[in-house]
Amino acid sequence: MKKKRWLAKRILLGIAIALCIAWATFPFYWAITTSLRKPAETFTVAGLAIPFLQFKPTLENWAAELKVPENLKAVKNSAIIAVTSALLATMLGTMAGYGLARFQFYKIKNPDITIWFLSQRVLPPVVVAIPFFLLARQFNALDKVSTLIVLNTTFNLPFAVIIMSQLFKELPIELEQAAMVDGYSRIGAFFKVALPLSTPGLVATGIICLAFAWNEFMFALIIAQRNAITLPYIISGASDTRGIQFWFIATRALMAMVPPTILALTVQKFIVRGLTFGAVKG
Amino acid sequence: MAEVVLKDIYKEYVEGIPVVQEFNLEIQDKEFVVFLGPSGCGKTTTLKMIAGLEDITRGEIYIDGKLVNDAAPKDRDIAMVFQSYALYPHLTVFENMAFSLRARKFPQDEIKERVERTAELLRIRDLLDRRPRFLSGGQRQRVALGRAIVRKPKVFLMDEPLSNLDAKLRVHMRFELNKIHRELEATIIYVTHDQIEALTLGDRLVLMKDGIVQQIGDPRTMYNRPANVFVAGFIGSPSMNFLDGKLDAENGSLWLDLDAFRLQVPPEAKNLDDYIDKNIIVGFRPEDISDKDRAGFASTGNVMTARIDVIEPIGSEELLYVSAGKHTFVAEIQEISGGTSEKHALVEKEIELAFNMDKLHLFDPETENAILNP
């Protein structure tokens, strides 16, 4: 009886896990198989579209795509925008987060500042899309990569501030006090103790900001025209008057998916926490 | 090494609500001073003000004759041992101890030499390559101590350094601290809420309550001549018995009227005339109450009968919790019961106890200040 129930439990669990895996990996599967089909086959081959069985894989979509200069430009722009804005947001967010965690503000109290940052994150970006467009036009900043860097940084900064301030709050203040007594200034203590100890969180924050900026579509849509185009921008470009070109969507989606996936897998160990464990008490 | 002077220290976080006030103290060179008091009395705040980790609202702090009110912690030449140890988790034991030396740009070979010598002193040489998280509580404590010692600062500040250790280790580290203090000839300011730690370690104690210093003195004075009811009750374990009574004058001698019994005040007691016919708080330490048969000092003027409520053996002695009339108190006496069954048989029985009147403490019920100490 007991064994039967145990078995049933295992089977149910197995089904649940299988469903989750299918849900998570299906987009990859779809993109890969679609990108390897001839354009016409993206409409004709039905069901799971298993390569070799249902169609003969071909690299001709890839060959065609890599010849398009816009695509390469989009990859380059996306990388520049994502990396730069993630670095900026994390850097500024770390400093602001430290200030928020360690200092008492009196005119505007700390919780109010936190709520203010949070509200920036909750605000739907579409609300400010038109004002930003007008501003950008006024300052001659339309279709510029730097404008998109600034916008992405602005919108990821609140997230970085809140995550980093929470991280610093969890760090025992005695560690910095000890460093200050041991001979460092406040800034010295920050760089020697607080910062090294928050590296895992710092990296995680950076990765998430990077992903946000990498995936950002709306600002790219209103700011970019020809120069500042990004990957999400050209993915949507695969749908035009000729209809939806699934074969291009698939190749471009893969171009957008692969780099962050590789990055996430390589820095995984950084995201694991617990480095501060054992700092205080027994 | 150096002396530390605190002048009229006043500290508030919220305006008008003092955390520490009227704190005046001169700490001599090489002195071991203990700030003692219940939690929230302001002792750690005072220590952090000396360290420079907290601002002072008013007052002056001098270290080695230099006003340090506005000096950063790093410029005060102090070392601090934190209650939580605050070891740097990302650094090895060696680097933890070398941290302050590196901050002060010591040459590499001197760092190595100093760290190794200190590690030798604290017997943690084998641990130098480990990270703090792989150390036991006692080892971490030693590393924290080592980190402070290695720099040879002017003053050591210790914030309840032993409170996270188990009882046995604490007693051992107390002994080690005493030894280290002697060897280093250091000025140490030590914060604790444990009066036994304070009595065993301190050259001088500062007992605080609600941000106000209650008494400053050497352990013996604090124990024998407490300034008020709070000091008398805080120092000593089990703590002093307080009985509410009245002072009567009769045939030229003074008596303490405690309703159920009377005790004769020794003739040497002076300055009590103002309290005749008035209420008074009578204080006796448990060890100054004994059973009549074995007390050398028993006489007609100091013997009474009480009922035994509980007997608590504490090794060679026994604590007798007794009641008489409205009073309950504790007497610490030599074993009166041999075994468990005898012990049970004695409970709820009556016993004749004698008070050692030479050790009588009297306190004013209004101000709670001492009016008579032995």
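- Remark: A:Lys169 NZ is packed, more than 12 non-hydrogen atoms of other residues, nucleotides or ligands lying under 6.0 Å away.
- Considering all non-hydrogen atoms of both residues, A:Gln177 and B:Lys48 come closest at OE1-NZ, 3.6 Å.
- How far NZ of A:Lys192 is from CZ of B:Arg102: 8.5 Å, rounded to the nearest 0.5 Å.
- Nearest heavy-atom pair across B:Arg147 and A:Ala178 is NH2-CB, 3.6 Å.
- To the nearest 0.5 Å, the span separating CG on B:Leu87 from CD on A:Glu174 amounts to 11.5 Å.
- No more than 12 heavy atoms of other residues, nucleotides or ligands sit less than 6.0 Å from atom CD of B:Glu15.
- Scanning all heavy atoms of the two residues, the minimum distance from B:His90 to A:Pro196 falls at CD2-CB, 3.6 Å.
- Panel note: side chain B:Tyr88, backbone A:Glu176; no donor-acceptor pair is recorded below 3.5 Å.
- The local environment of CG in A:Leu19 is crowded, with over 12 non-hydrogen atoms from other residues, nucleotides or ligands closer than 6.0 Å.
- More than 12 heavy atoms of other residues, nucleotides or ligands sit less than 6.0 Å from atom CD of B:Glu60.
- The two residues A:Val181 and B:Ile78 come nearest to each other via the heavy atoms CG1-O, 3.4 Å.
- Here the CG atom belonging to B:Leu53 is positioned 9.0 Å from the CD1 atom belonging to A:Ile173, to the nearest 0.5 angstrom.
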Point to revise | Residue pair A:Asp182, B:Arg104: steps toward the salt bridge (Lys or Arg N to Asp or Glu O under 4.0 Å) verdict | key: CA-CA 9 Å; A:Asp182 273 350; B:Arg104 278 152 224 272; over 6 Å; no

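- No more than 12 heavy atoms of other residues, nucleotides or ligands shown are found within 6.0 angstrom of CD1 on A:Ile108.
- Side-chain contact between A:Leu175 and B:Ser84: absent, with no pair of heavy atoms (C-beta onward) separated by less than 4.5 Å.
- More than 12 heavy atoms of other shown residues, nucleotides or ligands fall within 6.0 angstrom of atom CG in B:Asp166.
- Counted within 6.0 Å of CZ on A:Phe217, heavy atoms from surrounding residues, nucleotides or ligands total more than 12; the atom is thus considered enclosed.
- Both the backbone and the side chain of B:Phe99 come within less than 4.5 Å of a heavy atom in chain A.
- In terms of heavy atoms, B:Ala103 sits closest to A:Tyr184 at CB-CE1, 3.2 Å.
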